[in-house]
Amino acid sequence: MPMNSLTFPILHLLSDGRFRSGEALAAHFGVTRATIWNALQDAESHGVRLFSVRGKGYRLPEPVSFLDREQLRALLADHANIYALEIHECMDSTNSYLMRAAAEGAAHASCVIAELQTAGRGRRGRAWQTGLGDSLTFSVLWRFDCGAGALSGLSLAVGVALMRALHELGATEAQLKWPNDIVSNGKKLAGILIELQGDMDGASAAVIGIGLNLRVSEEMRRAIAQPAAGLQELLDTEVPRDVVLATLLRHLADVLAIFERNGFEPLRDEWIARHAYHNDVVRLLLPDGREIDGIAQDVAADGALLVRAAEGLRRFTSGEVSLRVIA
Ligand code: ATP
């Protein structure tokens, strides 16, 4: 659903988290109060939470720090020219958008960032929840000379990039959960969704989607069926959104350069060292409903999880398998 053209300009004005009256907003934009009201209704219909108090006006629940392309480029410093950056106000899913753009020839290292994502996706049709200003949601298109068949370790490699970035930012509790999650004390902090285009053995393209929570509102917590964490709660000081994004993108480019040359193997030890459930007893949920318990012993160079089960060492590839820890 396209957004009213006034909605984001108003949200920018409200981004300091303070009240603005409908009258003041109407005067600022030279429109009627009814037009302001319509634009704010539109924001709410796209999932933006707003407080409206009679006599005071409207405000956002928390200040929102919007991204600025030039500022982001400055923070990316020597990595700025790697990416073709696009910052969008609102879209359904950055992965869906970039998958479509990739099919139409979008450039290698296109990076699409959405301030507001209205239909974020997880694996197998699951939803990824976000709130305006509460998270970072972006996707990067990476084109590979090799076929999609050689990219099985990519989501684990991306996990290593996120670990490096989060630890640099001071979130030392952040850990990995096979195959594609970032957790902190068992709560989900970020998710990775990789979608591939191309042949198994010709050239291929990967759309790498990342959703990272900065803070988790009560409303979001209720909407998410599992415990969730936000980066800010792991840090002593508030780190600006654009600094977090630039740190993620720098490490992502570095890790993708390694992956491109040598695959997941050179990143494997680092991945295992950060696996939250390494050597723990885990349960693997298979697509046919079967459950297999064992010890998460290792990951292979192709990203498969190796589990010591009652019947011997079992190998799981990430496609349709979910891992749960057994307390
Ligand atoms: P798996 O272990 O198979 O990866 P998963 O439940 O973590 O399972 P994903 O597809 O990786 O599944 O992610 C989608 C799930 O993540 C949703 O079903 C929901 O439970 C959870 N989720 C959605 N939004 C958020 C969020 N912002 N923060 C944390 N978790 C979320």
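From a predicted model like this one, the values you see are computed outputs, not experimental measurements. Order of appearance sets the numbers: ligands from 1, and atoms from 1 within every ligand.
- Near ligand 1, Gly122, Arg123, Arg124, Arg126, Ala127, Trp128, Gln129, Lys177, Asn180, Asp181, Lys188, Asn213, Met220, Ile224, Ala225, Gln226, Ala228, Ser322, Arg324 each place a heavy atom less than 4.0 angstrom from the ligand.
- Evaluation of the side chain to side chain donor-acceptor pair (under 3.5 Å) rule for Arg164 yields Glu270 as partners, not counting sequence neighbours.
- Every residue two or more places apart in sequence or in another chain was checked for a salt bridge (Lys or Arg N to Asp or Glu O under 4.0 Å) with Glu86, and none qualifies.
- Figure legend: Arg59 and Phe51 shown without cation-pi pairing, the cationic atom not lying both under 6.0 angstrom from the six-membered ring centre and within 45 degrees of its axis.
- With no hydrogens or angles considered, no side-chain donor-acceptor pair links Gln297 and Asn279 at under 3.5 Å.
- Under the salt bridge (Lys or Arg N to Asp or Glu O under 4.0 Å) criterion, Glu195 pairs with Arg121, not counting sequence neighbours.
- Counting non-hydrogen atoms of neighbouring residues, nucleotides and ligands closer than 6.0 angstrom, the CZ atom of Arg18 reaches no more than 12 such neighbours.
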